[in-house]
Enquirer: 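Quick one: the structure is below, questions incoming.
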2 protein chains.
Amino acid sequence: MNDYDVRRDVSDQYSLRGRVFHKIRDDILNGKYKEGEELKEVSIGHEMGVSRTPVREALRQLELEGLVQIIPNRGAFVTGIQAKDVHDIYMIRSRLEGLCARWACENITKEQLEAMEENVYLAEFHVTKGNMEQIAELDNSFHRILYAACDSKMLEHLLIDYHEYVMRIRKKTLSTIERATQSNKEHHGIMEAIKMKDANLAERLADEHMKQAYDNMVKNGLFDLYREQ
Amino acid sequence: MNDYDVRRDVSDQYSLRGRVFHKIRDDILNGKYKEGEELKEVSIGHEMGVSRTPVREALRQLELEGLVQIIPNRGAFVTGIQAKDVHDIYMIRSRLEGLCARWACENITKEQLEAMEENVYLAEFHVTKGNMEQIAELDNSFHRILYAACDSKMLEHLLIDYHEYVMRIRKKTLSTIERATQSNKEHHGIMEAIKMKDANLAERLADEHMKQAYDNMVKNGLFDLYREQ
DNA sequence: ATACGCATAATTGTATACAACGTGTGCAAT
DNA sequence: ATTGCACACGTTGTATACAATTATGCGTAT
């Protein structure tokens, strides 16, 4: 992370509040706390050996992150993701990643472009080897590089927010080798468009890439754990 | 409040924390607290007659809203809006309002469409009369109707966020009668496209409308108060 | 048996006390 | 005069005590 940051950096790892925040967050994302479950300040605090104060603050942050809902005088509850929310987020992301790719054409640095090229070629290698673990990791970092390359703190944060948000669903996505191959080809195309500074093409390809990712996810029925009842 | 909510609903008006949150927020938006100014927990608490606890929580929320930056063990500082941020927000909004208009084609209710038509015709009337006050009010409500019509809590919240965010700049915008006339024509076009359920047209018009609004704002130099030094 | 009301428990909301951290000032050594 | 250090002060971080609100369970009346 380069300079100051407006929406994140909350959650410094070394304060109690930060540690509690990350702990609860992971527990939600990993499914330890399930949808609708109540998060009580005292029990969490006791469990982690801290008082209610840092727990409260962590829960307030998580509320703004959208992972918990706080009902005044009642408590904090884990929010569920509805199938429609997933759809909406992917469509929103498709527009915003398109915009991001457009801006990246003007603003990407040489280092970022090199990192992106390395990412794509490395991913192609792992695809041939079938290393799904590394492929998923490279997919994430491709998007992170793209987000940074647009040189807009506003847009970058927004996209990171949504990216993290869908990660809890996406744990098992990109799971088919066919999709991984196709996805990487799309990455390659976006990269080339940015390299050639073709803003219209870059925007269109990034937009379509996100829609493809969504369609694939739906086709493979890859988030039924979070399906609403 | 109807159902779950992902990013807001923090800030119930009736808790101390909620009141403090809104108070500080307004003070920042109205310019009482200036960019870079430090917000001390005790002084604000004393000023409002409350203890540090609700102030702390309010500041944490404001950090996630992007209005203050918190440096651990140092304090909370008001973040400024840069001209670039304004530009970025308008471009982001242009994409998202486009998406919103698209979805509105499928999901708008009869009541919402009627409200929209009424809004447009009423605005045309006030434009001929030159009632700038009412015109600005109608402009806001046109967009709110549009946001609700897309039937996506996710997108609606996001757009409302940004809408509120730019309001602090936009206080004096739409001030020329020429722009008001043009803006209302654009509203009319968006409405007609939604009415005809032409999603592609609606998306394009809404997107262009936002860009026009931005261009007009820049042309008239309408946010120099917040220009960075 | 069910529904209502009241008391009690559980939980969150707020205030305050104490600890930890950072900053600035003043004095001394050079 | 400048630099280094120590100490005091101010501010935030955390813990805990108390208040307010909500949930729960029991008893009684119908």
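Computed over heavy atoms, backbone and side chain alike; hydrogens, waters and symmetry mates excluded.
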Enquirer: Nearest whole angstrom, please: distance from the P of D:dA15 to the NE2 of A:His46.
Expert: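 A:His46 atom NE2 is separated from D:dA15 atom P by 13 Å.
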Enquirer: How many Å lie between CZ on A:Arg17 and P on C:dA20, as a whole number?
Expert: 18 Å
Enquirer: Reading DNA chain C from 5' onward, which residue's closest nucleotide shows up sooner: A:Arg56 or B:Asn73?
Expert: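 Taking each residue's closest nucleotide, the earlier one in sequence belongs to A:Arg56.
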Enquirer: Check the distance between C:dT11's P and A:Ile70's CD1 and give it to me in whole angstrom.
Expert: 16 Å
Enquirer: Using a 4.0 Å heavy-atom cut-off across all strands, classify B:Leu39 as base, sugar-phosphate, or nothing.
Expert: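 Touches sugar-phosphate only.
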Enquirer: In whole angstrom, give the distance that lies between atom CD1 of A:Ile71 and atom C1' of C:dT12.
Expert: 12 Å
Enquirer: How long is the line joining CG of A:Leu59 and P of C:dT11, in whole Å?
Expert: 14 Å
Enquirer: Assuming nearest nucleotide by heavy-atom distance, tell me which of A:Ser51 and B:Glu38 is located more 5' along DNA chain D.
Expert: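 First, find each residue's nearest nucleotide; the 5'-ward one identifies B:Glu38.
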Enquirer: The side chain of A:Val50 is closest to which nucleotide in this list: C:dC21, D:dA15, C:dT12?
Expert: D:dA15
Enquirer: Please determine, for the side chain of B:Pro54, which listed nucleotide (D:dT14, C:dA15, D:dA15) has the closest atom?
Expert: C:dA15
Enquirer: Counting only side-chain N and O atoms of A:Arg74, is one of them less than 4.0 Å from OP1 or OP2 of C:dT11?
Expert: no
Enquirer: Let me know the distance between CD1 of A:Ile44 and P of C:dT11, rounded to the nearest Å.
Expert: 12 Å
Enquirer: Assess whether one donor atom and one acceptor atom, taken from the side chain of A:Arg52 and the base of C:dG13, lie less than 3.5 Å apart.
Expert: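 Yes.
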Enquirer: Before giving the answer on salt bridge (charged side-chain N to carboxylate O under 4.0 Å, His left out), spell out for A:Lys211 and A:Asp215 the whole-Å C-alpha distance, their side-chain angles and the decisive distance to 0.1 Å.
Expert: CA-CA 6 Å; A:Lys211 287 172 180 161; A:Asp215 287 344; over 6 Å; no
Enquirer: Counting distance only, does the side-chain N/O of A:Asn107 pair as donor-acceptor with the main-chain N or O of A:Ala149 below 3.5 Å?
Expert: no
Enquirer: Determine yes or no for a side-chain-to-main-chain donor-acceptor pair under 3.5 angstrom, with A:Ser141 supplying the side chain and A:Glu137 the backbone.
Expert: yes
Enquirer: Return no unless some side-chain N or O of A:Arg60 is found under 4.0 Å from OP1 or OP2 of C:dG13.
Expert: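 Result: yes.
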Enquirer: Can you tell me how far C1' of D:dT21 sits from CG of B:Leu16, to the nearest Å?
Expert: 14 Å
Enquirer: Hey, which of A:Arg144, A:Glu97, A:His143 is the one that makes side chain to side chain donor-acceptor pair (under 3.5 Å) with A:His163?
Expert: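 Between A:His163 and the candidates, side chain to side chain donor-acceptor pair (under 3.5 Å) is satisfied uniquely by A:Arg144.
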Enquirer: Counting side-chain heavy atoms from CB outward, which of C:dT16, C:dT12, D:dT14 is closest to B:Thr53?
Expert: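 Selected nucleotide: C:dT16.
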Enquirer: Could you name each residue pair satisfying salt bridge (Lys or Arg N to Asp or Glu O under 4.0 Å) that touches residues 39-51 of chain B, not counting sequence neighbours?
Expert: B:Lys32-B:Glu47, B:Glu41-B:Arg52, B:Glu41-B:Arg56
Enquirer: Whole-Å distance between D:dT12 P and B:Glu63 CD?
Expert: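 These atoms are roughly 13 Å apart.
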